[in-house]
Structures are given as structure tokens and as C-alpha cells.
Amino acid sequence: MDADRTPAPPLFPAGPDFQDETLREQPLASEPLLQGHFLRVQRDTVRLPDGQHGEHGGTATREYVRHPGAAVIAALLEDGQGGWRVVLERQWRHPLGQAIIELPAGKLDPGEPPLHCAQRELREETGYTAREWAYAGLMHPTPAYSTEGIHLWFARGLTAGPRQLDAGEHLHVFTTTVPELLDWCRQGRVTDSKTLAAALWLQNYLSGAWPLDWQRDESA
């Protein structure tokens, strides 16, 4: 699979089911509130669909975070008994003040295709490279206040190698069985939204309900 030629899926799906004009808010003005290292907080003034009700008559303000997007990887290891183990990470998340369990993931670099990002983050954070990749779809974890879109990729045929963590990045990599991961999700031990969504996808894929189109990465 040539990652350079893999088109990036659209950030926002098109079509009548996603473009209800009766709900559209028309942007009127925009102002930056904060420019961080890679996040930008913005406040927009919009005209509401009915043009009548809102904070200021027919308008309202919307404050949100502009995010470059990300990729998350459900990397699968054969357990030698016909089953699979999932590669996971335990990482400290400062806003929560605790370490949580997550799948490997990371943000898109400017102009980077989502597959490139997934391959890079899997290699850097876990040391694994994958022989086969499959795209599962796009999720918006916090659409009320962020533009972030996370692309979900599955990987298998893993080969271990050295990690290449960023400066200041600290995490523990481990594996678990699919049933155990699903139990952790049900028990509330896993609360990360992208990992919960990927676990649902994984459960349906293994049951045959949601197929995946696997493609070989000839460079791996």
C-alpha cells in the first residue's frame, strides 16, 4: 500500500443526511481568543436558523477549539491461539490529573495524510510497524466545542522495533485480550472516547458485522 497515494477522507461528510439547511447557522464575525502551540480558541458570531431567538435576538456566539485532526490506531497482535491482543498505552493526562488507558494516537502534522499519521504514531509510541492497514472511519469526539476529527485505523501483521518518543513524552505500552478490553470498557476503566469507539468497532469486526478492507503496506 502506497501511503502517499492514499487520499485523506473528508473531514466533514457531505450529502443530504449531513447538510440540513434548516439547521444551518450563518457566520457573521470571528475573533481569535487564544493561539497555543497547536490549538487555537476562537469565538464566532452566527445568525441562527430562525433569525429570531438567541442571545442577541437572531444571533449567538460560539466558542470552540480549532484542532488539526488526529489518527488513532487499533493495532492487533495474534496470540497464537486464534485470538488477538490489542496494543494499548497508559499515559498521564494533565487536564484529568490521572493516567488513563488509551490506544496509540496522535495529531496530524500540517498536510499529513491520516494514514501517514497513523503509521508514524504507531512506530513512534509503541515501536511497532504493521504489514496491513484498514480504515474504519472518522469520529468527532467533542463536536460542541472542537473541530477535531479523529481517523480510526486498524493495523495487523505487527513487527516490534524501537520506540521514538517525542521529547517530554512518557507512556507505558502493554497488550491485552479483546475480551478484557471490552470488559474494561463496560466497567468504566476505559473512559477515553476514541478507545471506546474503537473497541465497539473491533467487537463488531470480529463478529463479522462490520467488515474491514485490509490493504498491504509493501514498505513494512
Side-chain angles (χ1 to χ4, degrees), residues 3-74 91 93-97 100 102-121 133-154 185 190-201 204 209-213:
D4 287 316
R5 299 183 181 179
T6 302
L11 181 59
F12 299 106
D17 291 341
F18 298 93
Q19 303 296 332
D20 188 337
E21 292 299 319
T22 66
L23 299 175
R24 183 182 292 277
E25 297 179 347
Q26 297 292 339
L28 299 175
S30 182
E31 61 174 314
L33 300 180
L34 172 69
Q35 177 65 62
H37 178 61
F38 73 95
L39 295 176
R40 185 167 81 243
V41 181
Q42 190 165 317
R43 178 190 291 131
D44 290 356
T45 301
V46 301
R47 186 176 303 283
L48 298 172
D50 61 8
Q52 298 176 8
H53 305 288
E55 303 163 21
H56 308 288
T59 66
T61 56
R62 305 292 187 226
E63 295 178 351
Y64 60 99
V65 176
R66 297 196 64 86
H67 189 286
V72 59
I73 309 98
Q91 187 169 8
R93 292 303 190 183
H94 175 74
L96 302 182
I100 66 173
E102 306 176 45
L103 289 170
K107 67 178 180 66
L108 297 171
D109 287 338
E112 184 180 33
L115 177 57
H116 271 188
C117 179
Q119 292 171 326
R120 175 176 55 76
E121 290 293 342
W133 290 83
Y135 183 67
L138 175 70
M139 66 187 91
H140 293 103
T142 53
Y145 59 87
S146 175
T147 64
E148 182 180 15
I150 303 178
H151 299 269
L152 171 57
W153 290 90
F154 280 76
C185 293
V190 173
T191 59
D192 174 60
S193 62
K194 63 184 182 294
T195 303
L196 291 169
L200 174 63
W201 238 107
N204 280 277
W210 295 359
L212 288 169
D213 180 17

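This one's a predicted model, so the numbers in the text were calculated from it and none came from an experiment.
Around atom OH of Y145, no more than 12 heavy atoms belonging to other residues, nucleotides or ligands sit under 6.0 Å away.
The two residues C117 and L108 make their nearest non-hydrogen contact at CB-CD2, 3.3 Å. Residue K194 comes nearest to A105 through the heavy atom pair CE-CB, 3.4 Å, listed as atom of the first residue, atom of the second, then distance. The nearest pair of heavy atoms linking H67 to T147 is N-OG1, 2.9 Å. When every heavy atom of A71 is checked against every heavy atom of A118, the shortest pair comes out as CB-N, 3.9 Å. When every heavy atom of W201 is checked against every heavy atom of A136, the shortest pair comes out as CZ2-O, 3.4 Å. Across L196 and V190, no two heavy atoms sit closer than the pair CD2-O, 3.4 Å.
Side-chain contact of Q42 with Y64: a donor-acceptor pair under 3.5 Å is present, judged by distance alone.
The salt bridge (Lys or Arg N to Asp or Glu O under 4.0 Å) check on D109 picks up K107, R120, with sequence neighbours excluded. The salt bridge (Lys or Arg N to Asp or Glu O under 4.0 Å) search around E121 returns none, not counting sequence neighbours.
The aromatic rings of Y135 and H151 sit tilted, their planes meeting at an angle between 30° and 60°.
Going from atom CD1 of I100 over to atom CZ of R93 covers 6.0 Å, rounded to the nearest 0.5 Å. How far CD of E102 is from OG of S193: 9.0 Å, rounded to the nearest 0.5 Å. Expressed to the nearest 0.5 Å, how far CG of L48 lies from OG1 of T59 amounts to 7.0 Å. Remark: L34 CG to R66 CZ distance equals 14.0 Å, nearest 0.5 Å. Distance check, rounded to the nearest 0.5 Å: CG of L28 to OG1 of T61 gives 11.5 Å. Between atom CZ of residue F154 and atom CG of residue L103 there is a gap of 8.5 Å, rounded to the nearest 0.5 Å.
Counting heavy atoms from C-beta on, the side chains of R43 and S30 never come closer than 4.5 Å. Between M139 and L152, the closest side-chain pair of non-hydrogen atoms falls below 4.5 Å. Side-chain contact between P141 and E148 is present, with heavy atoms from C-beta onward closer than 4.5 Å.
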